Amino acid sequence: MHVPFNDLRLHHERLEPVLTETIARIIRDSEFIRGPEVDAFEREFAHLMGINHCISCANGTDALYIVMRALGLQPGDEVITTAHSWIATSETITQAGGRVVFCDTDADTFTIDPQQIEKKITPRTRGIIPVHLYGQAADMDPILDLARRHNLWVIEDCAQAHLATYRNRVVGTMGVAGTFSFYPGKNLGAMGDAGGIVTARDDLKDWMTIYSRHGGKGDHTMEGINSRMDGIQGAVLRLKLPHLRRWTEARRQIAARYNAGLAGVGDLQLPTIAPGRDHVYHLYVVRTKRRDALRDFLKARNIATVLNYPRALPFYPAYAYLGHRPEDFPNAYRNQSLILSLPIFPEMSEQQATCVIDAVKEFFSQKTG
Ligand SMILES: *Cc1c(COP(=O)(O)O)cnc(C)c1O
């Protein structure tokens, strides 16, 4: 049985008639950039999150950049973020004129370790960007507490964690702003690039709205950038939004199957969920010392896996200038050779999940020789 890593064709199949009809209407109305569908999506997404404002933009990377510009990041300002994420989290700090300061993750959840953050704070530190990686919230209370004590802002990178919660608060609503990606493979995905920012602050909302649209139309109070959501993407996201909770539940069911079927198998470490948090399983990431061999074995069985990500951020050539060593980020460094993302998507069948479980078990039952 072939088990893909994700199956977007299947994901869209049931929505196809209504998607096709809606896209045809956008074409007829020529509402290609922003327009009523995008306005409505902004309102509906903010409503779902229980927050005042959603500002749409072109992608989740721009979302981070726009917030940092809105917060007035200055050249040389330092921003602390996790050593374990997608590079969008750190590259936008540099893009906004800041200096990236990496911080290790905790031993279990792949999210930034609040105890390590404090050691990284200097007089130049302006903010912290925790990432709710793989779909589990970072440990927000100690992070927010540190931020209050040191007068720092917190931007939540929610690109992988739509609707995840921390102590009953939904991610994106705890910091000064939360940023979202609607990349097609994310838990809520468009049919191209799209992103969004949520915030409770009226002043930030106004500034970011103007900034991301060339500093205003006809009245350029400042120079801005071009980061807008397409009309088609807004319409697609609006159609998908009512299904998000059900899709999240389906991901949790696959995860529950994996948890039951893979517990105690070989040296596998399954995802750990810290108290007070839930998990929306954008990714289901296991750890094993035999990661590469397991990956090859599954590939030979037609089961797709991914490394998210092949290296911790400080160890990519892009950050060689920081001169980091493995002992600077022991957890992130150790995890980079242990992690393996197993297939998980809402439409995954019970048979496909069983097929993955059986193959993993078979791998670990072989003699290591
Ligand atoms: C996907 C992602 C982003 C960037 O989103 P794009 O829409 O691809 O620009 C940022 N941070 C994290 C953690 C992501 O996974």
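Note that the coordinates shown come from a computational prediction; the quantities given were computed from them, not determined experimentally. Positions are given from 1, in the same order as the sequence printed here. For ligands, and for the atoms within them, numbers begin at 1 and follow the listed sequence.
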Check your understanding: Applying a 4.0 Å heavy-atom criterion (strictly less than), which segment of T61 is in contact with ligand 1: side chain, backbone, both, or neither?
Key ->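 Within the 4.0 Å criterion, T61 contacts ligand 1 through backbone and side-chain atoms alike.
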Exercise for review: Check D157 against ligand 1 and report side chain, backbone, both or neither, counting heavy atoms closer than 4.0 Å.
Suggested key: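 The side chain, only.
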Does a donor on one side chain and an acceptor on the other come within less than 3.5 Å for [X] and [Y]?
X    : Y    : answer
Y211 : Y65  : yes
T165 : N168 : no
N335 : R287 : yes

Numbered atoms of ligand 1 (with element) below 4.0 Å of [X], judged on heavy atoms:
X    : value
V131 : 13 (C)
N59  : 7 (O), 9 (O)
T89  : 11 (N)
A159 : 2 (C), 3 (C), 10 (C), 11 (N), 12 (C), 14 (C), 15 (O)
A88  : 3 (C), 4 (C), 10 (C)

Short N or O distance, [X] and ligand 1, threshold 3.5 Å exclusive:
X    : answer
G60  : yes
D193 : no
Y183 : no

Looking at [X] and [Y], does any basic side-chain N land under 4.0 Å from a carboxylate oxygen?
X    : Y    : result
R257 : E350 : yes
D145 : R149 : yes
E78  : K120 : no
D77  : R99  : no

Check your understanding: Does H282 reach ligand 1, in the sense of a heavy atom lying below 4.0 Å from it?
Key ->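 Distance cut 4.0 Å: H282 fails for ligand 1.
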Review point. Strictly under 4.0 Å, does any heavy atom of S85 approach an atom of ligand 1?
Key: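 Yes, that is the case, since the closest heavy atom of the residue is under 4.0 Å from the ligand.
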Looking only at protein heavy atoms, which one is nearest to [atom], and how far off is it?
atom                    : result
atom 8 (O) of ligand 1  : S181 OG, 3.9 Å
atom 15 (O) of ligand 1 : Q160 NE2, 2.8 Å
atom 2 (C) of ligand 1  : K186 NZ, 2.7 Å

Point to revise | Near-ring test F329/Y333, centroid separation under 6.0 angstrom | key: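 No, they do not, as the ring centres are separated by 6.0 Å or more.
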Exercise for review: Could you tell me if the ring centre of H324 sits under 6.0 Å from that of Y319?
Suggested key: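 Here the rings of Y319 and H324 have centres that are no less than 6.0 Å from each other.
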Practice item. Would you check if I66 and I225 make a side-chain contact, meaning some heavy-atom pair closer than 4.5 Å? Key: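 Yes - at least one pair of side-chain heavy atoms lies under 4.5 Å apart.
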